[in-house]
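All ligand and atom numbering here is 1-based and tracks the order in the structure.
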Amino acid sequence: MAYTYGFYEESAAYVRARWPHEAEIGLVLGSGCGPLADSITHRVEIPYEDIPNFLRSTVSTHAGKLILGTLGGKKVACMSGRFHSYEGYDFEQLAAPVRLFRLLGCRCVVLTNAAGGVNLHYRPGDVMILSDHIKLMGHSPLRGPNVEEFGPRFFDVSKMYTPELRRIARECAPGSGLTVHEGVYFFMPGPQFETPAEIRAIRALGGDAVGMSTVTEALTAAHCGMPCLAFSVITNMAAGILEQPLSDEEVNQVGHKIAGAFSAYLGKVVERL
Ligand code: HPA
């Protein structure tokens, strides 16, 4: 498959025909963050499978639709449900959502995910603003022939999680009822949760939270020069910290429990972007 500019433009043209606006902010909502999408008004919903050259969601808790509308007074394009490498996608395929955002006019992206707490000071229900990430496994989403229209072959990622946007996110935290940290997200490919030994290694390497998503989207945004802000909802303590086994149920339960406060917080952040 040739991932040319025209390939992505076909997806964008289909969306533009159904929603004739310029999007300002691209949002990707992870597991447990789905309810946030409910606060988008004046909305048009497009199932992923209707969008030409786009990917299909296979995770049952992810809705699998692109929602276009207004949130916090801003025009947003929102992926309700995202794509992960553990579903079988090549890393290169995972560039599609953010490239679509770019072509729809978005000037920045906001990413959310559910993650395990590696930092022993974190608690389930806390939120972490990503200051950086560590991705030691899997290809780059920018592997393969470079699409010059989006960005250069080699690109800087030293401020991938934009300091100015992180400052806004920090400023919005007081009064949200949430405990908001700032830390490093460690990508693991999944779908298995990590082993206790892996979590000890991740902590030694500087990870504060661990998860199976987000990094491909942040890298794609960096490639096309889009400012990026990302949040982890800490849904569980990572493997080996507590006695109980990790489960998808726990992740979704905690995600849903704080969805109200988190969506209010995110709405406030989006208003200021
Ligand atoms: N590990 C990886 N991904 C996750 C976790 C975890 O503990 N919790 C939620 N997503």
Using salt bridge (Lys or Arg N to Asp or Glu O under 4.0 Å) as the criterion, point out the one residue from E10, E9, E22 that pairs with R16. E9

Assess the residue pair H133 and F186 against the criterion (ring-ring contact (aromatic ring centres under 6.0 Å, His included)); give the C-alpha distance rounded to whole Å, side-chain angles, the decisive distance to 0.1 Å, and a yes or no. CA-CA 6 Å; H133 79 225; F186 197 105; 9.6 Å; no

Which of the numbered atoms in ligand 1 are under 4.0 angstrom from any heavy atom belonging to L246? 7 (O)

Just which atoms of ligand 1 are under 4.0 Å from any heavy atom in N236? 5 (C), 6 (C), 7 (O), 8 (N), 9 (C)

CA sep, side-chain torsions, deciding dist, call: E164, R167, salt bridge (Lys or Arg N to Asp or Glu O under 4.0 Å): CA-CA 5 Å; E164 174 61 14; R167 183 181 61 74; 2.4 Å; yes

Under 4.0 Å, heavy atoms only, figure out whether ligand 1 is touched by the backbone of A239, its side chain, both or neither. neither

Which class fits the ring pair Y3 and F7: parallel under 30°, tilted 30 to 60°, perpendicular over 60°? perpendicular

So which of E194, M188, Q192 gets nearest to atom 2 (C) of ligand 1, if we judge by its closest heavy atom? E194

Quick note on ligand 1: atoms under 4.0 Å from a heavy atom of M212 include exactly 2 (C), 3 (N)

Numbered in order shown, the ligand 1 atoms found under 4.0 Å of a heavy atom of G211 are 2 (C), 3 (N)

Only heavy atoms of T235, strictly under 4.0 Å: list the atoms of ligand 1 that pass. 8 (N), 9 (C)

Roughly how far apart are M237 CE and I199 CD1, rounded to 0.5 Å? 9.5 Å

Please indicate whether any nitrogen or oxygen in A114 is less than 3.5 Å from any nitrogen or oxygen in ligand 1. yes

With a cut-off of under 6.0 Å to the ring centre and 45° to the axis, is K257 in cation-pi contact with F262? no

